[in-house]
**Q** 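Mind looking over this structure? Questions follow.
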There are 2 protein chains.
Amino acid sequence: MDETDWALLAHLQENSRLSLRELSRRVHLSAPAVAERVRRLEESGVITGYHAAVDLEAAGRPVVAFIRMSCYGSHCVLRDPDVPSWPEIQEIHRVTGDACSLLKVATGSMAGFERLIDRLAPYGQPSSTLVLSTPLARRPVIPEP
Amino acid sequence: MDETDWALLAHLQENSRLSLRELSRRVHLSAPAVAERVRRLEESGVITGYHAAVDLEAAGRPVVAFIRMSCYGSHCVLRDPDVPSWPEIQEIHRVTGDACSLLKVATGSMAGFERLIDRLAPYGQPSSTLVLSTPLARRPVIPEP
DNA sequence: ACTGAAATAGTCACTTA
DNA sequence: TAAGTGACTATTTCAGT
C-alpha cells in the first residue's frame, strides 16, 4: 500500500463507478497500471466489493434501529443460519459486553418493527435504540498517520 | 419504483461497478433505457452514491467498536462540527434512549482506541462495545412485501 | 424504449526502465 | 517487478424514431 494505492482507494470509496481511465488521470498513471493496482487491492482483500448506497427512507424503510441482543445460550441469533437472510436485518455484529450481538435493522413501519422484535424475542432479550438521523453515514478509510 | 428498478437496485447494491450494458442484459432492456432509469434512481435520492467497501482490518484498522455517547448538554459530539472529520470515526447516528449518539469507530491499535476515548470523554460519557466479528456486513435493500 | 453511430473506455500483447 | 504503448473490443452517449 503506497501513496498511489491510498489515492485510488480514496477515489473508489467516494465514487466506485469512476472509470479506470478517469482514475488513471487522477493518479497520473496509465490505465493498465491502475487496472493492475485495483486488481491487487481486490485480491489482497483491502477492497471487498463495490456497492450502491441506498437511502433507507427513500427506499421505503424509514424505521432504522440498532438492536442489542442478549441471547439465551444456545438460542443465540448468531447460531441461526436463517437470521442473516431476514430482509429487515441490515448488519449483524458479534460484540463484547453483556450483549452477544448488535443488529442494524430497517423496517417499513413501526408495526413492521414491532413484528421484527417479536421474531427476535425467542432468541434472547432485545434492547432497541431507534436512529433519529445519521449525521455521518460513512467516512472513507485513510492511512494511519 | 417498478420491478425493473428494484432489479437494477439489487444488482448495483451487489456490484456497483457493473456496466450499464451488463445491467441492460440482466434486466432485458436496452442500455440507454437502463442509463435513464439509473439516473432517475440517483436523482430521486434512492441511490445516494457508489462506494468501494474496505476491509478495516486489511486496511490497518483492526480495532472496530461502537461507542454510545451520553453527552453533557451543550458539549454534545453532535454539536461539534469537527468531530465528523476525525479519521477514526466511521459513522455517527443520533439515537433515542439514554445515549444521544452512537458512533462506529475503527482504530489501528488498542492504544489508538484508548486515545480516541480520551478525546471523546470531554463531550460526555462514552460506553464502548468492541466488534469481535461481523457475520453480516451489509444486506441489500429489497422491496417490502 | 429502441436503434445506430461517434466518442470514450477496457483489455491484451508487447516493450521499456 | 511495475509501468507505458498501441491495437482491438466493449461500453457510453446522443440523435432520431
Side-chain angles (χ1 to χ4, degrees), chain A residues 1-55 57-61 137-138 140-145, chain B residues 1-62 87 108 137-138 140-145:
Chain A
M1 292 285 292
D2 62 12
E3 213 171 282
T4 305
D5 286 325
W6 280 110
L8 291 171
L9 204 54
H11 289 303
L12 286 172
Q13 287 182 90
E14 200 216 307
N15 179 6
S16 63
R17 281 186 73 78
L18 287 175
S19 67
L20 295 174
R21 254 195 139 76
E22 176 58 27
L23 286 170
S24 76
R25 283 189 283 263
R26 296 189 184 193
V27 303
H28 308 296
L29 253 74
S30 68
V34 167
E36 175 63 14
R37 277 173 180 267
V38 171
R39 196 192 59 74
R40 283 218 301 261
L41 286 169
E42 293 164 355
E43 203 156 279
S44 67
V46 174
I47 294 177
T48 61
Y50 304 95
H51 310 282
V54 171
D55 183 296
E57 186 165 354
R61 295 182 179 270
R138 120 189 34 249
V141 179
I142 60 173
E144 280 202 291
Chain B
M1 289 285 294
D2 62 11
E3 214 172 281
T4 304
D5 286 326
W6 280 110
L8 291 171
L9 205 53
H11 289 303
L12 285 171
Q13 286 182 92
E14 200 215 306
N15 180 6
S16 63
R17 282 186 73 78
L18 287 174
S19 68
L20 296 173
R21 186 76 186 81
E22 176 59 26
L23 286 169
S24 77
R25 282 189 284 261
R26 297 189 184 192
V27 304
H28 308 295
L29 250 67
S30 67
V34 167
E36 176 62 14
R37 278 174 181 266
V38 171
R39 196 193 59 74
R40 285 217 297 262
L41 286 170
E42 294 164 355
E43 205 155 276
S44 68
V46 174
I47 293 177
T48 60
Y50 304 95
H51 309 283
V54 170
D55 183 296
L56 291 168
E57 186 164 352
R61 295 181 179 270
R138 121 189 34 250
V141 179
I142 60 174
E144 280 202 290

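Naming convention: chains lettered A, B, ... in sequence-line order (proteins, then strands); numbering from 1 in each chain. What you see below is based on every heavy atom in this structure, not just the backbone, and it leaves out hydrogens, waters and symmetry mates.
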**Q** Using the side-chain heavy atoms of B:R21, tell me which of these nucleotides is nearest: D:dT11, D:dA3, D:dG6.
**A** D:dT11
**Q** Quick one: closest heavy-atom pair of A:S16 and B:A52, and the distance?
**A** CB-N, 3.5 Å
**Q** For the residue pair B:S24 and B:R21, confirm or rule out a side-chain donor-acceptor distance under 3.5 Å.
**A** yes
**Q** Which nucleotide wins on minimum distance to the side chain of A:A31, given the candidates D:dT11, C:dT3, C:dT11?
**A** C:dT11
**Q** Without decimals, in angstroms, what is the distance between A:L18 CG and C:dG10 C1'?
**A** 15 Å
**Q** Give the rounded distance in Å between these two atoms: CD of A:E22 and C1' of C:dG10.
**A** 15 Å
**Q** To check you understand the geometry: which heavy-atom pair defines the closest contact between B:G45 and A:A58, and what is its length?
**A** O-CB, 3.7 Å
**Q** Taking atom P of D:dC14 as reference, at what distance in whole Å does atom CD of B:E36 sit?
**A** 11 Å
**Q** Give the nucleotide from the list D:dT12, C:dG10, D:dG4 with an atom nearest to the side chain of A:A33.
**A** D:dG4
**Q** Would you say C:dT11 has OP1 or OP2 under 4.0 Å from some side-chain N or O of A:R39?
**A** no
**Q** With the side chain of B:S30 defined as its heavy atoms from C-beta on, choose the nearest nucleotide among D:dT12, C:dT3, C:dG10.
**A** C:dT3
**Q** Testing the basics here: between A:V141 and A:Q13, what is the closest heavy-atom pair and its distance to 0.1 Å?
**A** N-OE1, 2.7 Å
**Q** Starting the side chain at C-beta, find the nucleotide from D:dC14, D:dA3, C:dA1 nearest to B:P32.
**A** D:dC14
**Q** With the side chain of A:L29 defined as its heavy atoms from C-beta on, choose the nearest nucleotide among C:dA9, C:dA1, D:dG4.
**A** D:dG4
**Q** Look at atom CD of B:E144 and say whether more than 12 heavy atoms of other residues, nucleotides or ligands are closer to it than 6.0 Å.
**A** yes
**Q** Return the value, rounded to whole Å, for the distance between atom CG of A:L23 and atom P of C:dT8.
**A** 18 Å
**Q** Ignoring backbone atoms, test whether B:R25 places a side-chain nitrogen or oxygen under 4.0 Å from the OP1 or OP2 oxygen of D:dT11.
**A** yes
**Q** Take the protein atom NE2 of B:H28 and the nucleotide atom C1' of C:dA1, then report the distance between them rounded to whole Å.
**A** 16 Å
**Q** Taking the minimum atom-to-atom distance to the side chain of B:L20, which one of D:dT12, C:dC2, D:dG4 wins?
**A** D:dT12
**Q** Determine the contact category for B:R37: base if any of its heavy atoms lies under 4.0 Å from a base atom, sugar-phosphate if only primed atoms, P, OP1 or OP2 are that close, otherwise nothing.
**A** sugar-phosphate
